[in-house]
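Everything below concerns the one structure shown next.
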There are 2 protein chains.
Amino acid sequence: MKKITIGEASRQSGVKVPTIRYYEGIGLLSAPSRSEGNQRSYEPADISRLVFIRHARELGFEVDAIRTLLMLQDDPNQSCASADAIAKARLIDVEQRIRSLMALKVELEAMVAGCGHGRVDQCRVIEVLADHGQCAHSHH
Amino acid sequence: MKKITIGEASRQSGVKVPTIRYYEGIGLLSAPSRSEGNQRSYEPADISRLVFIRHARELGFEVDAIRTLLMLQDDPNQSCASADAIAKARLIDVEQRIRSLMALKVELEAMVAGCGHGRVDQCRVIEVLADHGQCAHSHH
DNA sequence: CCTTGCACCTCTAGTCGCTAGAGGATGTAG
DNA sequence: CTACATCCTCTAGCGACTAGAGGTGCAAGG
């Protein structure tokens, strides 16, 4: 069998070397076999798992959620209700985040547009930050 | 002069008590005078500063950026170019984040919509995560 | 065979922006 | 005077890594 070093695994999966070791440490990835000289030796399945993890992380899933998703993946006879629930929760979170970032964008645009590029005492950026009442947000 | 306790400062500014102490520790807020019994005693100006900080944090500015903004605020004769640059950088960052969250939303929606609520081996949520090629993202 | 030099190993500590808790002192209302 | 809330300092923890020290393994060139 072909031995995949951690560096190679990193290149193939897009997960950084220390991050792979970290994932092993927190139990997201099971410890691989070792070479004579105690070096980690991965198999193709481990690469897939790392790709799975990386993709899930890119989508903003937390490590705990990924742990659940991986358990589901390992047991394909289970109902996918949990996976669905996790994805739905994540979707709601993302939608919420988009909403607040949009509000934020509006406010930042007003700040930047209002800046006359003069002295600080006329600067809207500082002014808006100092006086919450002037801005688009309502008082949380 | 009226003495404002840390709890009162917290209520007035919306910044939690331990967070106020934390801000003092990292030098964002200068150490206030103390009462006979060694308790912090704030002035109205400190409350304004806390509101400024809170608002900036809500807008997602990093503590380092806020430090700069506060220095600018303290010296109103300076050009507001730095404040402007900080706000613009933040705006670009926010716009970038909105873009990636939108892409993410599309992908999550596809995952959730494709889930037939059956067994895991037919679940698109798991499938999409396992096979990056199927999803909307290009390989970074 | 030996050296060079990169990739690997473990371990600890640092990042950011807080938050939680222990264990004790102070201030205030009844 | 006694409860009780609030304050104090200090340390440790969170998530998800990242950086660095100090040492070992391994493949290729001379």
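Residue numbers start from 1 in every chain, and the chains themselves are labelled A, B, ... in the order their sequence lines are given, proteins ahead of strands.
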| query | Base, sugar-phosphate, or nothing for Y23(A), non-hydrogen atoms under 4.0 angstrom? | reply | sugar-phosphate
| message | Please determine whether a side-chain nitrogen or oxygen atom of R40(A) lies at a distance below 4.0 Å from atom OP1 or OP2 of dT10(C). | response | yes
| said: Is there a path of hydrophobic side-chain contacts, each under 4.5 Å between heavy atoms of I/L/V/M/F/W/Y residues, joining M102(A) to F61(B)? | reply: yes
| remark: DNA chain C nearest-nucleotide lookup for G37(B) and T19(B): closer to the 5′ end is T19(B)
| message | Quick check: on DNA chain C, is the nucleotide nearest D64(B) upstream (toward 5') of the one nearest N38(B), or the reverse? Name the residue that is more 5'. | response | D64(B)
| task | Please state whether the phosphate of dA7(C), meaning OP1 or OP2, lies under 4.0 angstrom from any side-chain nitrogen or oxygen of T5(A). | result | no
| said: For a quick check of understanding: with a heavy-atom distance under 4.0 Å over all strands, which category does E62(B) fall into, base, sugar-phosphate or nothing? | reply: sugar-phosphate
| Non-neighbouring partners of E62(A) that pass side chain to side chain contact (heavy atoms under 4.5 Å, CB included), sequence neighbours left out | none
| Value in whole Å for how far the P atom of dC18(C) lies from CD of E24(B) | 15 Å
| request: Heavy atoms of chain A, cut-off under 4.0 Å: which first and last nucleotide of DNA chain D, 5' to 3', fall inside that, if you could look? | output: dA16(D) to dC26(D)
| message | Closer than 4.0 angstrom, basic N to acidic O: yes or no for R11(B) and E8(B)? | response | yes
| message | Does a side-chain N or O of S35(B) approach OP1 or OP2 of dG27(C) to a distance below 4.0 Å, or not? | response | yes
| query | What is the distance from CD1 of I4(A) to P of dC8(C), rounded to the nearest Å? | reply | 13 Å
| request: Just do the side-chain contact (heavy atoms from CB on, under 4.5 Å) check on E109(A) and E95(B) with the steps written out, would you? | output: CA-CA 11 Å; E109(A) 273 166 347; E95(B) 282 167 345; 3.8 Å; yes
| request: Inspect the contact between R49(B) and D46(B) and indicate whether a charged nitrogen and a carboxylate oxygen are less than 4.0 angstrom apart. | output: no
| query | Does the S10(B) side chain pair with the main chain of V15(B), one donor and one acceptor, at a distance under 3.5 Å? | reply | yes
| said: In whole Å, I'd like the distance from the CD atom of Q39(B) to the P atom of dA25(C). | reply: 13 Å
| query | dT10(C) phosphate, OP1 or OP2: any side-chain N/O from R34(A) under 4.0 angstrom? | reply | yes
| Separation of I6(B) atom CD1 from dG27(C) atom P, in whole Å? | 15 Å
| request: Kindly say if R21(B) contacts the phosphate of dT19(C), meaning a side-chain N or O under 4.0 Å from OP1 or OP2. | output: no
| said: In the structure I gave you, are the side-chain heavy atoms of F52(B) and I126(A) within less than 4.5 Å of one another anywhere? | reply: yes
